[in-house]
Undergrad: 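What follows is a single structure, and I will ask about it in a moment.
Atom set for the values below is all heavy atoms of this structure, side chains included, hydrogens, waters and symmetry mates excluded.
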Amino acid sequence: MTLTRRAAVSGIVSTVALAGCGGEGGTSDAPIAVVPVTPAPAPTPSPTPTPAAPPLQSRSTLGILTLGMSVFLGDDLVGFSNPDRSAIIADNTPTRYFAKALMAARPAGRTIREVNAAVGGSFDDQTPNQYAGVAGKPYDVVILGLGMNSGSTYGVHGRGPNAAYTKERLRPLLREIKATGAVPIVCNTMHPWPEKTMPASIRSALYEGIAWPAEQETLLYGGTLAFDREANTFGSPILGEDGHGLFERAGGQAIRAGSKLRIDDRTEQNAGQNAGPNDGIVMTVTRRVGGNTVQVEPGSIQESGIFNSVVRHFDPPIDEFLVPPSTQQVQKRDWTGGGVAVDGLASYATWNGILADLAREEDVKLLDFEYRGFKWVERRGWRSVYTSTDQGVVFETYNHPQLSAQSVVYGEMMTWLAGVLDTNGLKGGFERLVGPTIV
């Protein structure tokens, strides 16, 4: 899985009208005036109501759509030495367990229309694009297999599809799916192999800086920058709304001698001058010159002038910003409340928590694969999730659970979910579902 990607980043209001009606009463001896009454027009026949869709459990055809990333494609369930690798993967994706259980319950009275539109390597902010490209809508159930890439430190904190941006990409998707009458189901993720998550890799993934949360954000400014090639200085001539200079604001305060600043065209403005010859150059700061200007190494600035540009803190000292720092992203604790402490990853816990908040806010069901993954690991350890041996050949992965663990963590959950559908049609709003006990 590639953890770095450059990307352009960045309630339901219900109104109830209450009508009141009043009357006047009394007695009077006055004669009652008789007023001619024009006959009322014949009432317009009410349209025949559209019959309500039958509950999911009674439908003879069920359309099931899968969106998400590679875990929901079944990637790497078995090693390359297994001669049946392709067939095993195709028949054991998480949604396949669901579909097979539904068919087994009613082999003669049900047809399953199953489409898997998940994309390997995708981040969760790309899920709406997957949905937009699918033909044959609407479906009855839409499984959103999320988290394995967006739970990384880059996916949560980075200058790409960070947590706040991705959450607000998913919110309208859930509403759109619900508007079609389908049942969307949000799936969070078990963690990748913690001991294989290196602090150096985390720092490398965040080389373009941190975007979320705001209190951890590194410098990123787009606007007017004035460059002086002779003095080797540049800065913003415009103070912020708070009256502070560019290097006095949050993120900018951390800029000091040795900091690297990269200049880029501000192409999204599509007007005025851009960075010109200074575009793409990484400049090393030698000293601060007031709150709005820095001096950089001689020869860094290619042209003097005022340009509409972007400046970012490039390859910043991540551990001065990231909470917890890269060296503490792997955490050993009791994740399930069962009294057993195992390793897990802080950024994945953060993203899974945000997905739970989103599911609750949008009143949809959440399948808690994080919990199930930890329950498996409490009994068997992480190696049993991400390694297997076939014909004496050891196969190891980082974030693709292999068949023995996947068939229980994901497979038994999805098989159980089919039983829930056949019992109550997946009715009701938000529920955190953990599935059958892992033994």
Undergrad: For Gly338, does its backbone N or O pair with a side-chain atom of Asp334 as donor and acceptor, under 3.5 Å?
TA: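 Yes, because the side chain of Asp334 sits within donor-acceptor range (under 3.5 Å) of the backbone of Gly338.
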
Undergrad: Measuring from Lys260:NZ to Ser300:OG, what's the distance to the nearest 0.5 Å?
TA: 12.0 Å

Undergrad: Before you tell me yes or no, could you show the steps for Gln391 and Ser81 under side chain to side chain donor-acceptor pair (under 3.5 Å), namely the whole-Å CA-CA distance, both residues' side-chain angles and the distance that decides it to 0.1 Å?
TA: CA-CA 7 Å; Gln391 301 179 36; Ser81 61; 5.5 Å; no

Undergrad: Mark yes when over 12 heavy atoms from residues, nucleotides or ligands other than Lys137 sit less than 6.0 Å from its NZ; otherwise mark no.
TA: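 More than 12 heavy atoms, drawn from other residues, nucleotides or ligands, come within 6.0 Å of this atom.
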
Undergrad: Are any side-chain N or O atoms of Lys365 and backbone N or O atoms of Gly429, one a donor and one an acceptor, separated by less than 3.5 Å?
TA: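 Between the backbone of Gly429 and the side chain of Lys365 there is a qualifying donor-acceptor contact (under 3.5 Å).
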
Undergrad: Does the Ser201 side chain pair with the main chain of Thr197, one donor and one acceptor, at a distance under 3.5 Å?
TA: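 Looks like no, no N/O pair under 3.5 Å.
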
Undergrad: Using a 4.5 Å cut-off on heavy atoms from C-beta on, say whether the side chain of Asn352 contacts that of His191.
TA: yes

Undergrad: Verify, without hydrogens or angle tests, whether Gln302 (side chain) and Gly299 (backbone) share a donor-acceptor contact under 3.5 angstrom.
TA: yes

Undergrad: Specify the closest pair of heavy atoms between Gln331 and Pro324, including all atoms of both residues, with the distance to one decimal.
TA: NE2-CG, 3.5 Å

Undergrad: Are the side chains of Met148 and Asp75 in touch, meaning some heavy atoms are under 4.5 Å apart?
TA: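 Contact flag for Met148/Asp75 side chains = no.
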
Undergrad: Minimum heavy-atom separation for Ala99 to Ile112, with atom names?
TA: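 For Ala99 versus Ile112, the nearest heavy atoms are CB-CG2, 4.0 Å.
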
Undergrad: Could you check whether Arg169 makes a cation-pi contact with Phe123, meaning its NZ or CZ is under 6.0 Å from the centre of the six-membered ring and within 45° of the ring axis?
TA: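 Because its charged atom misses either the 6.0 Å distance or the 45° angle limit, Arg169 does not stack over Phe123.
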
Undergrad: Compare all side-chain heavy atoms of Leu102 with those of Ile64 and state whether any distance is below 4.5 angstrom.
TA: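 Yes, their side chains come closer than 4.5 Å.
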
Undergrad: Sub-3.5 Å donor-acceptor pair from the side chain of Thr350 to the main-chain atoms of Ala346, do we have one?
TA: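 Yes, the answer is positive, given that a donor and an acceptor are paired below the 3.5 Å cut-off.
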
Undergrad: Give a yes or no on whether the backbone of Asp140 and the side-chain of Arg59 come within a donor-acceptor separation of less than 3.5 Å.
TA: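 Between the backbone of Asp140 and the side chain of Arg59 there is no qualifying donor-acceptor contact (under 3.5 Å).
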
Undergrad: Would you say Asp390 and Val78 make side-chain contact, with heavy atoms under 4.5 Å?
TA: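 No, every pair of side-chain atoms sits at 4.5 Å or beyond.
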
Undergrad: Can a side-chain donor-acceptor contact be found between Gln406 and Tyr97 if the only test is distance below 3.5 angstrom?
TA: yes

Undergrad: Passes salt bridge (Lys or Arg N to Asp or Glu O under 4.0 Å), Arg256 versus Glu320? Steps please.
TA: CA-CA 13 Å; Arg256 57 183 181 262; Glu320 294 182 16; 2.7 Å; yes

Undergrad: Any side-chain heavy atom of Asn278 sitting closer than 4.5 Å to one from Met283?
TA: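 Yes; the side chains approach each other to less than 4.5 Å.
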
Undergrad: Does Thr180 reach the side chain of Val142, with side-chain heavy atoms less than 4.5 Å apart?
TA: no

Undergrad: Give me the atom names and distance for the closest heavy-atom approach of Val409 to Gly373.
TA: CG1-N, 3.9 Å

Undergrad: Do Lys178 and Glu362 sit within salt-bridge range, that is, some charged N less than 4.0 Å from a carboxylate O?
TA: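 Salt bridge between Lys178 and Glu362, a charged N being under 4.0 Å from a carboxylate O: no.
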
Undergrad: Locate the shortest heavy-atom distance separating Ala405 from Ser384; write the atom from each residue and the value.
TA: CB-O, 4.0 Å

Undergrad: Run the side-chain contact (heavy atoms from CB on, under 4.5 Å) check on Leu170 and Val186 step by step: do they pass?
TA: CA-CA 10 Å; Leu170 291 171; Val186 172; over 6 Å; no

Undergrad: Taking all non-hydrogen atoms of both residues into account, name the closest pair between Asn308 and Thr224 and its distance.
TA: OD1-N, 4.5 Å

Undergrad: Quick one: pull up OG1 in Thr189 and CD in Glu370 and give me the separation to the nearest 0.5 Å.
TA: 8.5 Å

Undergrad: Is it true that the side chains of Glu378 and Thr336 contain a donor and an acceptor less than 3.5 Å apart?
TA: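 Present: a donor and an acceptor within the cut-off.
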
Undergrad: Can Ser407 and Asn92 be said to form a side-chain contact (heavy atoms from CB on, under 4.5 Å), step by step?
TA: CA-CA 8 Å; Ser407 63; Asn92 291 278; 6.0 Å; no

Undergrad: Does Asp76 pair with Arg85 as a salt bridge, N-O distance under 4.0 Å?
TA: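 Salt bridge: yes.
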
Undergrad: Counting N and O atoms only, with roles assigned by atom type, does the side chain of Thr293 sit under 3.5 Å from a partner on the main chain of Gly290, one being a donor and the other an acceptor?
TA: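 No, because the side chain of Thr293 does not come within donor-acceptor range (under 3.5 Å) of the backbone of Gly290.
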
Undergrad: Is it the case that the side chains of His157 and Ser347 hold a donor-acceptor pair, with the cut-off being a distance below 3.5 Å and no angle test?
TA: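 Absent: no donor and acceptor within the cut-off.
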
Undergrad: Please work out which of the three classes, parallel, tilted or perpendicular, describes the rings of Phe72 and Tyr410, given edges at 30° and 60°.
TA: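 Geometry flag for Phe72 against Tyr410: perpendicular rings.
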
Undergrad: Could you tell me whether a side-chain N or O of Arg372 sits under 3.5 Å from a main-chain N or O of Val434, the two making a donor and an acceptor?
TA: yes

Undergrad: Judged by atom type as modelled, is there a donor-acceptor pair below 3.5 Å linking the side chain of Trp193 to the main-chain atoms of Glu396?
TA: no

Undergrad: Does the side-chain contact (heavy atoms from CB on, under 4.5 Å) test come out yes or no for Phe321 and Leu206, once each step is laid out?
TA: CA-CA 11 Å; Phe321 298 88; Leu206 295 173; over 6 Å; no

Undergrad: Can you classify the ring geometry of Trp335 versus Phe374 as parallel (below 30°), tilted (30 to 60°) or perpendicular (above 60°)?
TA: parallel

Undergrad: Is there a donor-acceptor pair under 3.5 Å between the side chain of Gln329 and the backbone N or O of Leu345?
TA: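 Looks like no, no N/O pair under 3.5 Å.
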
Undergrad: Kindly state whether the ring of Phe314 and the ring of Tyr207 have centres lying under 6.0 angstrom apart.
TA: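 Centroid distance Phe314-Tyr207: below 6.0 Å, so yes.
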
Undergrad: Minimum heavy-atom separation for Pro401 to Leu77, with atom names?
TA: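 Closest heavy-atom pair between Pro401 and Leu77: O-CD2, 3.4 Å.
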
Undergrad: CG of Asn292 to CG of Leu225: how many Å apart, nearest 0.5 Å?
TA: 10.0 Å

Undergrad: Answer yes or no: is there a side-chain heavy-atom contact under 4.5 Å between Leu322 and Gln216?
TA: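 Yes, close enough: below the 4.5 Å cut-off.
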
Undergrad: To the nearest 0.5 Å, tell me how far Lys167 NZ sits from Leu355 CG.
TA: 9.5 Å

Undergrad: Going by heavy atoms in the side chains, are Trp376 and Val385 under 4.5 Å from each other?
TA: yes

Undergrad: Can you tell me how far CD of Glu208 sits from OG1 of Thr218, rounded to the nearest 0.5 angstrom?
TA: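 With rounding to 0.5 Å, OG1 (Thr218) is 10.0 Å from CD (Glu208).
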
Undergrad: Once you round to the nearest 0.5 Å, how far does NZ of Lys100 lie from OG1 of Thr93?
TA: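 Going from NZ on Lys100 over to OG1 on Thr93, the span is 8.0 Å.
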
